[in-house]
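One structure is given below, encoded as structure tokens.
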Amino acid sequence: MAVEKIPSEDIVNRKFDQATANLIVKAGLGLSIGVVASALLFKRRMWPVTFFTGAGVGAAYADAQRIFESVDVLGRSPSGNNTEAKNSS
């Protein structure tokens, strides 16, 4: 049974698409929460909108780092510590 190989460009494109969709959703959610909080709680100030939008973008950025971090490499643990590979050689 032959295993179908996926080109690396497709893997990167899928990860980029996932990260972009994540950014749009989280930034939009943060924006909407900020608008509602600004209108209801903070007398229509601008800082809640900016704060919650930034929090959404920051969460999306953290997820993008996790998405693009390659943990599929042999000899590398997900935490980034490479003690197992060093001990075995």
Side-chain angles (χ1 to χ4, degrees):
M1 180 178 216
V3 176
E4 181 182 337
K5 292 188 177 185
I6 301 172
S8 62
E9 298 88 17
D10 289 343
I11 295 170
V12 172
N13 285 338
R14 288 178 189 169
K15 289 180 179 184
F16 186 77
D17 290 344
Q18 183 181 4
T20 304
N22 208 2
L23 172 69
I24 292 169
V25 168
K26 290 189 179 187
L29 187 61
L31 178 69
S32 61
I33 290 172
V35 167
V36 170
S38 175
L40 296 179
L41 301 174
F42 298 108
K43 300 179 184 178
R44 296 187 180 173
R45 306 282 171 126
M46 188 61 189
W47 69 265
V49 177
T50 306
F51 176 77
F52 284 107
T53 303
V57 169
Y61 181 77
D63 283 347
Q65 282 185 324
R66 182 189 51 80
I67 290 168
F68 280 103
E69 184 176 296
S70 177
V71 295
D72 298 336
V73 179
L74 287 175
R76 181 171 174 217
S77 66
S79 65
N81 296 335
N82 202 6
T83 56
E84 294 171 11
K86 290 178 185 176
N87 292 338
S88 63
S89 51

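Residue F42 places its CZ atom among more than 12 non-hydrogen atoms of other residues, nucleotides or ligands, all under 6.0 Å distant.
To the nearest 0.5 angstrom, S38 atom OG is 13.5 Å from I33 atom CD1. How far CD of E9 is from CZ of R14: 12.0 Å, rounded to the nearest 0.5 Å.
Using modelled atom types, no side-chain atom of N22 and backbone atom of Q18 make a donor-acceptor pair closer than 3.5 Å.
Residue pairs meeting the salt bridge (charged side-chain N to carboxylate O under 4.0 Å, His left out) criterion with at least one member in residues 24-52, sequence neighbours excluded: K26-D63.
Checking V36, V35, L29 one by one against S32, the side-chain contact (heavy atoms from CB on, under 4.5 Å) holds for a single residue, L29.
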Do any side-chain atoms of residues 47-58 form donor-acceptor pairs under 3.5 angstrom with protein atoms, and if so which ones, sequence neighbours left out?
from, atom 1, to, atom 2, distance (Å)
T50, OG1, M46, O, 3.3
T53, OG1, V49, O, 2.7

